[in-house]
Amino acid sequence: MLDRPPRDACGVFGVWSPGEEVAKLAYYGLYALQHRGQESAGIAVSDGSRIVVYKDMGLVPQVFDERVLESLDGHIAIGHCRYSTSGSSVWENAQPTFRPTATGGLALGHNGNLINTRQLASLVGTATGPAGLTGTSDTDVLTALFADPAGASLWDSALAKLPLVRGAYSLVFLDEETLYAARDPQGFRPLVLGRLSRGWVVASETAALDIVGADFVREVEPGELIAIGESGVRSATFAPARPRGCLFEYVYLARPDTTIAGRGVHAARVEVGRRLAAEYPAEADLVIPVPESGTPAAIGYAQASGIPYGQGLVKNSYVGRTFIQPSQTIRQRGIRLKLNPLRDMIAGKRIVVVDDSIVRGNTQRAIVAMLREAGASEVHVRISSPPVQWPCFYGIDFASRTELIAGNLTVAEIRESIAADSLGFISLESLIEATTLPAERLCRACFDGDYPVPVAESERGKHVLEGVGAAGARP
Ligand code: SF4
C-alpha cells in the first residue's frame, strides 16, 4: 500500500462584510484552502437574526453550487474544509458545527487538535447536564463549551472558557451578530486577519486573503480572541502567548504562495533545497521534484548544485480527490494513479529526486522503482524535511510511531528499504534557519520528540471520545 500524504486538520475562513455576498466569499476562501482538508466542507451564515449552516462530505465545489450559495443570505459567514484527525469521517463531524444557545445560536469551525478533550467533555456535562453531543470530534466539545447555559454573551463565554482548552486550535465562530476568531497560546496553526473595502476576513492562510481581494492586516496572535461586528474589531488576550508555530507548515502543509510569520513559504522551501544541496551533494545529471510539494526545494537544490533542473514526473492533480473507489485493476497501478514518469527525461541519467518528507516510505520506494523502470542509471533521494520520527498530536495525522519508517529505521536502513543509491534528509538546524524564525518559536515535535504542550498518555492516539456519539477512528 502506498502512503497517503500527511493530513492537515482543516482550513478555516470567516468574513464580516455587510452588503457583500459573504457565502460566495467564504466559498472562494475555502477554495483557496482546499489543500488543508478534502473530506468535507461547510459554510454557516448569519443575517443578523438567523444562522443557517450548509455542509456535506466532499470537496468545496462538490458541496456547493450557485443555487446553494445564493440561498445562504447574510452579512457574516464562516467556512470550513476538513480532514478528520479527531472523530470519524462522517457527516455529523463535518463543520461548521452548530449549537443552540440560551440567546440564539453558535456555529464554529476548528483547525487543529485538542489534547484535553475528555476533561473538557466532562466540564460540558457538568455545566449543561447531558452533553447531547451529536458528533465525535473535539470540535463538538468546544462548541458545547462555548454555548453558555446561563446566557452569557459569546464573547464573555469564550474568554472564560478558552484558557481551559489545551492543544492546537485556530477557530472561527459566529453568533447572529458577530464574527469571532481565536488562536491557541502556541499558535500551532496559522490564522490571519485581512481587510476588505467593506469588512473583515480571517483565514488559515494569507493565500485565502489574496483570492477574495483582502489586504493582509496581521496574524491573529497566539492567545488572542477577536470579535468583529458593527463597532469594528475588538481584541483580548485570554492567555499569554508562547509561540510555537508548526514547522511542518513550511515543509508541506501551507500553500507555497502563503506567508507565515513574515516568511514566504515558497522562499523557505527553495532555501531548504539550497541547504540540502550543500549538506547532501550528489554526482548527477538532473534534479527533478516529486510534484508539487517537492518543487521549490528541487529548484533550490538545482540552483545550489549547478545540476540542471527538469520535470521527470507528471502529477495527475485530481487523483485522490475522488470519492469513486478504484477497481482492483486500477488499484494495482498504485502510484501510477498519481505520478507518471517522463521516460525521455529520465532514461540513461543519474537522477536526484527531491521530495518533502518520508512518512511510511512506501511512496518513495515506488518512486525509486518507477524511475529505474524508466531507465534512470542512478536514483539519489533528497528530502526537504528531517526524518519524521514522532506522531503529531496538534492536528496533523501522520501515522503512529510504529508506522513511521524513521521511527524504526536509521537513515542507512531507510535508504536500503527504498532501494535508492543515496538518501539525504535536511538537518533540523538548516530547516529551522530557512524559516528565519528562532528554534524556540517553532514546534518541531514530529522531528525531535520535544512536545511544546505535554500530551497525557490517555489522549495519545485516542482522539475519539468514548461514549460520546458514534464510535469513530482515525482514518
Ligand atoms: S508535531 Fe510536527 S506537524 Fe505537529 S505541530 Fe509540531 S511541527 Fe507541526
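Both ligands and their constituent atoms are indexed starting at 1 by order of listing.
Side chains of Pro61 and Gln34 form a contact here, defined as non-hydrogen atoms less than 4.5 Å apart.
No side-chain donor-acceptor contact under 3.5 Å links Gln389 and Arg401. Side chains of Glu205 and His35: a donor-acceptor N/O pair is present below 3.5 angstrom, by distance only.
Excluding waters, the set of protein N/O/S atoms under 2.8 Å from atom 2 (Fe) of ligand 1 reads Cys446 SG.
Evaluation of the side-chain hydrogen bond (donor to acceptor under 3.5 Å, both in side chains) rule for Asp450 yields Arg444 as partners, not counting sequence neighbours. By the side-chain hydrogen bond (donor to acceptor under 3.5 Å, both in side chains) test, Arg415 pairs with no residue at all, sequence neighbours left out. Among residues two or more places apart in sequence or in another chain, the side-chain hydrogen bond (donor to acceptor under 3.5 Å, both in side chains) test is passed with Glu433 by Arg275.
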